[in-house]
Amino acid sequence: MARRSAQSEDNALDRLPKAPLTRESLAQTLALARYVRPYRARFFGGLTTLFISASLGLAFPLLAGSLIDAALHPAGATLPVLGAVSLDRIALLLVAAVTVQALASFNSALSFNRVGQRALADLRRDCYARLIALPMAFFGQRRVGELTSRVSTDVAQIEGALIDALPQMCRQVVFLIGGVTMIALTSGRLTAIMLGTLPVLIAAAVFFGRRLRRFSRETQDQLAATNTIVEETLQAIASVKAFANEAFELGRYERANARVLAAALSAARWRAVFVAFFIVALFGGIVIVLWFGAGLLRAGAITPGELTRFVLYTTFVAGAMGQSAELFSQIQKTVGATQRVRELLRETVEIAPDAPVAATDLPERLRGEVAFEGVSFHYPSRPEVAVLRDVSLVARPGERIALVGPSGAGKSTLTALLLRFYEPDGGRLSFDGREAKEYPLAWLRGQLAIVPQDVLLFGGTIAENIAYGRPGASDAAIRDAARLANADEFISAFPEGYGTLVGDRGIKLSGGQRQRVAIARAILKNPAVLILDEATSSLDSESERLVQVALDRLMKDRTSFIVAHRLATIRTADRIAVLEAGRIVEIGTHAELSALPAGLYRKLSELQFGQSEG
Ligand code: ATP
């Protein structure tokens, strides 16, 4: 399981688009360096030990070559600075170099990981903080699943770059520059031969690399398509089974799977050719170098130790160059990832209030007068559709107003404006005579509570779920709220009572029970204005009665807006506003509206209750 998810993360990383390296894109990437800044001492410490370890790595071929020369000369080999050194001393030097290198590598790996993980934790936190502070309009325009997976793959890519690619790159640069320098110092002629074979190798690597990448991208895309099928069907597994469409879905999967296979096999062919070519090129190069080297050795132009050194340095340089293509593509992906993360971090968070009432000027609590005056609205994602048109409605403190109307009339939208999820395009929304946007957003939302249609409980205990209405509430307060919400009885009947876990790891509450938990939550919050989105599905009559009693208690002395689907439950509302296509077409009590001969309310009730009650 863990392997699967690690693999799918790899696939996601493979599919990340790359960004061209421009001055601007690099500047953006560097802007994220501020996450490393708090840990810069450790970062530079890690960098220093990394250079120490890489330089000692470079000393290895030198010492190994000298070891061979020392074996052939009783006086030992000549080393720079140290002069003539005996075989045993060289061996000791090698052991010392390896030991120090190991310690330095340990330190640099640990430092880069520590800095990287800390910086990443900060970055993840900021991304999350920004994400939840974005306005609702943002979420309406993007698929949230896509957004979260994007952020997590992008952050994973940055993590890889910081912890692996960056140290790798520093190490390869040291090997490349140091290796070429040492080779040149060893033998100019051999260096010329080696460097001569390079362009061929590089051209071939680029050619094959492009082709291979195209096919593996194709494979990844096809694989993603098959995964989408799996996700879709598992999410809607009940529908798949109810329609007995298993064979249909399997067919869909098989076709997608065949495309994955075809793409993977093409990629495999190119990869095999590439491997074969690489072996020919790499070993061919070494053979040529060895051949010339052996000739030079016979002629006495170089020592056996120098030839060994040369071959070892050649592999270092070749390795560094082989990795550079991969590292370059890593950098491009990281630049792309940082751009997207930066975009998210730059999104504007919910509207800062234009002229917020000074905190001292805020009342303890709203009285609860709510006024819509000529409000019009369309959703930002669909500017061409007017959802509310010239809506005017004044609710007096403590009044119960029911919102009814056909599906899509704009009832829920009206409540979304109350919560200031969106701003009206025209007209004014005010609370206690002051325009809504004059209040600080969080304060205003603190005065409102919603009991939604579909109550989603968070994973955790029942007590925690109720306390969501007022984090930090005492156990006694939670219990009181539950009692008022008619929830205490069923909660206490569970063996673990208020400590019962709900959600995936715990029990599943029935619809009526969930609603009562939501009511308890709202009671605990003690809002001045209440929004009830009535559940469309009806409960059995006993649950219905328990919920209704709880709601009546909750609505007492609060201004309440009730989005009603079943008209039977709102007869006692003080006023009923009937919406149609974004306008309030009728408003009045049940009796008044029922008396209108050709009224929409009357028509709707007749539809719901049949002739007998109409
Ligand atoms: P119902 O009784 O079916 O819940 P409603 O009266 O509550 O309907 P709203 O949910 O307010 O209706 O929707 C009003 C209109 O706005 C509909 O045409 C709907 O398609 C559109 N709409 C709702 N939410 C959004 C959104 N987030 N983005 C774009 N359009 C939306």
Taking ring pair (Phe, Tyr, Trp, His ring centres under 6.0 Å) as the test, write out the residues that go with [X], two or more places apart.
X      : answer
Phe316 : Phe175
Phe277 : Phe208
Phe60  : none
Tyr35  : none

Of all the heavy-atom pairs spanning [X] and [Y], show the shortest one and how long it is.
X      : Y      : result
Asn465 : Gly460 : ND2-O, 4.1 Å
Val455 : Ala518 : CG1-CB, 3.6 Å
Ala161 : Thr334 : CB-OG1, 3.3 Å

field: By side-chain contact (heavy atoms from CB on, under 4.5 Å) - contacts of Val180 (at least two apart)
entry: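 Testing Val180 for side-chain contact (heavy atoms from CB on, under 4.5 Å), a comparison that skips the adjacent residues, returns Val317.
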
- request: With sequence neighbours excluded, tell me which residues meet side-chain contact (heavy atoms from CB on, under 4.5 Å) with Ala467.
  value: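 Partners of Ala467 under the side-chain contact (heavy atoms from CB on, under 4.5 Å) test: Ile478.
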
Less than 4.5 Å apart, side chain to side chain, heavy atoms only: is that true for [X] and [Y]?
X      : Y      : value
Glu159 : Leu123 : no
Leu47  : Ser108 : no
Ser66  : Leu93  : no
Ile177 : Val173 : yes
Leu261 : Gln222 : no
Phe112 : Leu50  : yes
Phe431 : Leu448 : yes
Arg42  : Arg40  : no

Just how far is it from atom [atom1] of [X] to atom [atom2] of [Y], taken to the nearest 0.5 Å?
X      : Y      : atom1 : atom2 : result
Arg470 : Lys525 : CZ    : NZ    : 11.5 Å
Tyr313 : Leu58  : OH    : CG    : 5.5 Å
Phe139 : Leu134 : CZ    : CG    : 5.0 Å
Thr308 : Ile68  : OG1   : CD1   : 3.0 Å
Leu345 : Leu131 : CG    : CG    : 10.0 Å
Cys170 : Phe51  : SG    : CZ    : 4.5 Å

Flag, side chain of [X] to backbone of [Y], donor-acceptor distance under 3.5 Å:
X      : Y      : answer
Arg445 : Arg420 : yes
Asp425 : His378 : yes
Asn113 : Ala109 : yes

Taking side-chain hydrogen bond (donor to acceptor under 3.5 Å, both in side chains) as the test, write out the residues that go with [X], two or more places apart.
X      : answer
Thr338 : Thr29
Tyr39  : Asp122
Gln172 : Gln168, Gln323
Arg171 : Ser53

More than 12 heavy atoms of other groups within 6.0 Å of [X] [atom1]:
X      : atom1 : value
Arg346 : CZ    : yes
Arg130 : CZ    : yes
Tyr128 : OH    : no

message: Angle between ring planes, Tyr379 versus Phe377, binned at 30° and 60°: parallel, tilted or perpendicular?
response: perpendicular

- request: Not counting sequence neighbours, list each pair that qualifies as a ring-ring contact (aromatic ring centres under 6.0 Å, His included) and has a residue in residues 150-170.
  value: none

query: Does a side chain donor of either Glu231 or Gln235 reach within less than 3.5 Å of an acceptor in the other side chain?
result: no

query: Given the rule in the side-chain contact (heavy atoms from CB on, under 4.5 Å) test, do Glu464 and Phe458 qualify, once you have shown the distances and angles that lead to the verdict?
result: CA-CA 9 Å; Glu464 282 163 0; Phe458 296 88; over 6 Å; no

- prompt: Yes or no on side-chain contact (heavy atoms from CB on, under 4.5 Å) for Val115 and Val36, after CA distance, side-chain angles and deciding distance?
  reply: CA-CA 7 Å; Val115 171; Val36 175; 3.8 Å; yes

- prompt: Name the one of Val230, Thr228, Leu223 that satisfies side-chain contact (heavy atoms from CB on, under 4.5 Å) with Thr226?
  reply: Leu223

Pairs where residues 263-277 contributes a residue and the test side-chain hydrogen bond (donor to acceptor under 3.5 Å, both in side chains) is met, not counting sequence neighbours: none

query: So does Arg252 pair up with Glu232, basic N to acidic O under 4.0 Å?
result: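 Yes, this pair counts.
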
- prompt: Can you list the steps and then say if Lys437 with Glu423 is a side-chain contact (heavy atoms from CB on, under 4.5 Å)?
  reply: CA-CA 9 Å; Lys437 56 179 171 224; Glu423 297 296 304; 4.1 Å; yes

side-chain contact (heavy atoms from CB on, under 4.5 Å) between Gln117 and Ile163, intermediate numbers included: CA-CA 8 Å; Gln117 297 299 358; Ile163 294 171; 3.5 Å; yes

